[in-house]
Amino acid sequence: MTKGVVTRFAPSPTGFLHIGGARTALFNWLYARGRGGRMLLRIEDTDRKRSTKEAIDAILDGMRWLGLEWDDEPVYQHTRVSRHQEVVSELLEKGLAYRCYATPEELEEMRNEAHAEGRTAVYNGLWRDRDPADAPASVEPAVRFKGPKDGETVIDDQVMGTITVANKDLDDLIIQRSDGTPTYNLAVVVDDHDMGVTHAIRGADHLTNASRQAQIYEALGWEAPVFAHVPLIHGPDGAKLSKRHGALSVQAYRTMGYLPEALRNYLVRLGWSHGDDEIFSTDQMIEWFDLPQIGRSPARFDFDKLENLNAHYIRQGDDQALADCARALVGELSSGECPPNAENDEAWEKLVTAMPGLKERAKTVADILNSGRFVFVARPLDFDDKAKALLDADGRAVIQGLVDPLSAIDVWSVENIENAVRQYAERADLKLGKIAQPLRAALTGRTVSPGIFDVVFALGKDEAIARIVDQAG
RNA sequence: GCCCCGUUCGUCUAGCGGUCUAGGACGCCGGCCUCUCACGCCGGAAACACGGGUUCGAGUCCCGUACGGGGUGCCA
């Protein structure tokens with residue numbers, strides 16, 4: 001019975017979609033898609049103060065860019081508070097919850113006491129069985145769930161295995177704040193149930209919550225979803241992921257020039273494996289992805305591997321699509337990274353022509369723009385120091401000899417250009433490198449570029465010869 | 001402090017008691033190819049955290065220690 005699988009991605013809109021959230025979303029998406037199920041999206045915004053429209057937009061935008069389409073309309077949790085309150089009332093009526101009038105000071109004291117006594121549970125049950133008649137009129141009560149005091153709560157987690165927690169270590173958690181709004185643990189249970197969620201795949205930071213939620217499901221007589229808690233992603237130093245090393249928005253990866261398929265491939269392989277396989281098409285991921293193959297220990301984020309995968313997908317990429325992708329990046333890059341004359345359509349066409357050689361060398365889309373810069377620059381070119389050195393008297397003389405043979409070419413093709421240059425080399429008794437390097441310098445202003453014949457070709461006959469003449473002597 | 005989880009090359013991981021003198025990938029080193037740089041190809045260095053058990057036999061099972069992570073909120 002896998003037909004009815006329903007997963008959900010449930011971010012709280014307090015910030016952008018970062019790499020960890022993206023992986024959680026990906027896992028939910030893959031699991032649902034692989035089983036003919038649905039993935040729902042729920043925005044956990046019960047904490048209105050910390051939730052922003054910008055964050056919501058960033059999350060939705062990030063998911064779309066990654067190609068993780070959700071089913072149905074997103075559910076905004078704050079719109080469901082009356083339903084949450086209804087469930088709280090039900091719990092209250094059945095004696096499965098109670099009002100707690102404890103003050104912040106009393107709570108603080110309990111905390112210190114628990115710590116001193118080496119207990120996990122903090123709340124000492126002050127109002128658990130107390131007569132409501134004792135309630136101080138001045139205090140608005142919060143509502144606490146009345147959990148079992150004895151025995152243990154066991155959840156069968158698809159990733160973490162069987163997790164057993166003694167009930168005495170789980171104190172009565174607040175399910176409704178004194179202002180009447182529901183808290184996370186109550187809202188998740190109600191919403192997952194109402195939305196028909198069958199599998200809750202989320203970060204391991206929710207593992208403790210799962211035990212508490214299991215108790216609430218039990219109290220309500222509802223069936224809990226299958227839980228799968230995915231270990232968090234760490235930075236290269238093993239510590240929590242920080243902005244410095246990868247806790248960036250997925251949009252930041254886009255502007256750095258990463259392809260969504262590369263990020264997906266990297267992310268799916270981080271903590272999950274399918275034998276020795278490294279490269280996965282989306283269809284393969286969907287077919288092979290499963291929960292038990294997810295590892296239980298946190299994985300470190302490794303830019304090198306992401307970059308390698310990105311280079312792989314760039315090499316496989318369609319030339320025009322890559323150029324479009326590069327062009328879309330222009331507005332987002334700093335002026336130093338941006339090619340000059342970026343509004344020149346002709347230059348973009350040349351970029352497509354040069355793409356086979358460019359994409360072979362690029363690790364990111366930004367690299368394509370950088371190494372393809374020569375199609376954008378206008379004469380007279382700027383030269384870096386090494387290029388200048390190549391264009392000494394010798395170099396200038398050598399490329400001077402290229403003007404006539406290239407001018408004589410009727411059909412401007414890579415093959416004809418190569419023949420012309422090689423014949424010239426033979427006549428002049430020069431090794432190809434002796435010609436290619438000064439030529440490269442004259443055409444690109446640099447000493448590194450795609451294959452020289454491809455560069456000559458991509459520039460076009462007039463431009464190529466003009467650049468040579470500029471430097472010949 | 002207490003509760004839960006984890007620990008195989010630098011990193012991501014394969015391994016589910018004998019096939020492990022531990023495999024793959026990234027990175028690194030060397031070589032080949034070569035018009036530069038890449039790509040590609042070939043080769044190399046590199047790991048079972050530690051200590052006890054269980055077993056004919058342990059990377060694989062159990063216990064402990066160390067280390068790491070998560071939780072311990074009227075945040076999610």
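Naming: A, B, ... by sequence-line order, numbering from 1 per chain. All values derive from a computational prediction rather than experimental measurement.
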When all nucleic acid strands are considered with a 4.0 Å heavy-atom cut-off, which category describes [X]: base, sugar-phosphate, or nothing?
| X | value |
| --- | --- |
| A/L306 | nothing |
| A/S371 | nothing |
| A/R269 | base |
| A/E278 | base |
| A/L270 | sugar-phosphate |
| A/P104 | nothing |
| A/Y266 | nothing |
| A/T164 | sugar-phosphate |
| A/G295 | nothing |
| A/A102 | base |
| A/R446 | nothing |
| A/H206 | base |

Per the atom types in the model, does the base of [N] pair as donor or acceptor with the side chain of [X] at under 3.5 Å?
| X | N | value |
| --- | --- | --- |
| A/R440 | B/C35 | yes |
| A/D205 | B/G70 | no |
| A/N185 | B/A76 | no |
| A/R119 | B/C2 | no |
| A/R296 | B/C5 | no |
| A/S449 | B/C37 | no |

Please evaluate residues A/R440 and A/T444 with respect to the criterion side chain to side chain donor-acceptor pair (under 3.5 Å), reporting the C-alpha separation (whole Å), side-chain torsions for both, the decisive distance (0.1 Å), and the verdict.
CA-CA 6 Å; A/R440 171 171 283 117; A/T444 68; 5.9 Å; no
Atom pair distance, as rounded to whole Å: [atom1] in [X] and [atom2] in [N]:
| X | N | atom1 | atom2 | value |
| --- | --- | --- | --- | --- |
| A/E140 | B/C74 | CD | C1' | 12 Å |
| A/R111 | B/C2 | CZ | P | 18 Å |
| A/I294 | B/C12 | CD1 | C1' | 15 Å |
| A/I368 | B/A38 | CD1 | P | 17 Å |
| A/K168 | B/C4 | NZ | C1' | 12 Å |
| A/K431 | B/U34 | NZ | P | 10 Å |
| A/W288 | B/A14 | CH2 | P | 15 Å |
| A/D384 | B/U36 | CG | C1' | 12 Å |

So, is the end of the A/R144 side chain (NZ or CZ) under 6.0 Å from the ring centre of A/Y123 and within 45° of the ring's axis?
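Yes, a cation-pi geometry holds between A/R144 and A/Y123.
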The residue among A/F289, A/Y266, A/W272 that forms ring-ring contact (aromatic ring centres under 6.0 Å, His included) with A/F280 is A/W272
Counting only Watson-Crick pairs (N1-N3 plus N6-O4 or O6-N4) and G-U wobbles (N1-O2, O6-N3), all under 3.5 Å, who is the partner of [N]?
| N | answer |
| --- | --- |
| B/U21 | none |
| B/A58 | none |
| B/C74 | none |
| B/C67 | B/G6 |
| B/G30 | B/C42 |

Using a strict cut-off of less than 4.0 Å between a Lys/Arg side-chain nitrogen and an Asp/Glu carboxylate oxygen, indicate whether A/K146 and A/D129 qualify as a salt bridge.
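A/D129 and A/K146: salt-bridged.
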Of the nucleotides [options], which one has an atom closest to the side chain of [X]?
| X | options | value |
| --- | --- | --- |
| A/D302 | B/G69, B/A76, B/C26 | B/C26 |
| A/D304 | B/C26, B/G24, B/A76 | B/C26 |
| A/S273 | B/U36, B/A25, B/U13 | B/U13 |
| A/R361 | B/C3, B/A38, B/A25 | B/A38 |
| A/D276 | B/A76, B/C2, B/G24 | B/G24 |
| A/R177 | B/C75, B/A14, B/C35 | B/C75 |
| A/L432 | B/C35, B/G24, B/G70 | B/C35 |
| A/T208 | B/A76, B/G71, B/C12 | B/G71 |
| A/R315 | B/C74, B/C37, B/G40 | B/G40 |

5' priority, RNA chain B, between A/E360 and A/P11 [closest heavy atom]:
A/E360
Hey, which of these two, A/N308 or A/R422, hits RNA chain B nearer its 5' end, going by closest nucleotide?
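That would be A/N308.
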Can you confirm whether the side chains of [X] and [Y] place a donor and an acceptor under 3.5 Å from each other?
| X | Y | value |
| --- | --- | --- |
| A/Q77 | A/D45 | no |
| A/H84 | A/D191 | yes |
| A/D172 | A/Y98 | yes |

Only one of A/L406, A/L459, A/I409 clears side-chain contact (heavy atoms from CB on, under 4.5 Å) with A/I465; which?
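Of all the options given, the one that passes is A/L406.
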Output yes when a side-chain donor or acceptor of A/R264 lies under 3.5 Å from a complementary backbone atom of A/L66, and no otherwise.
yes
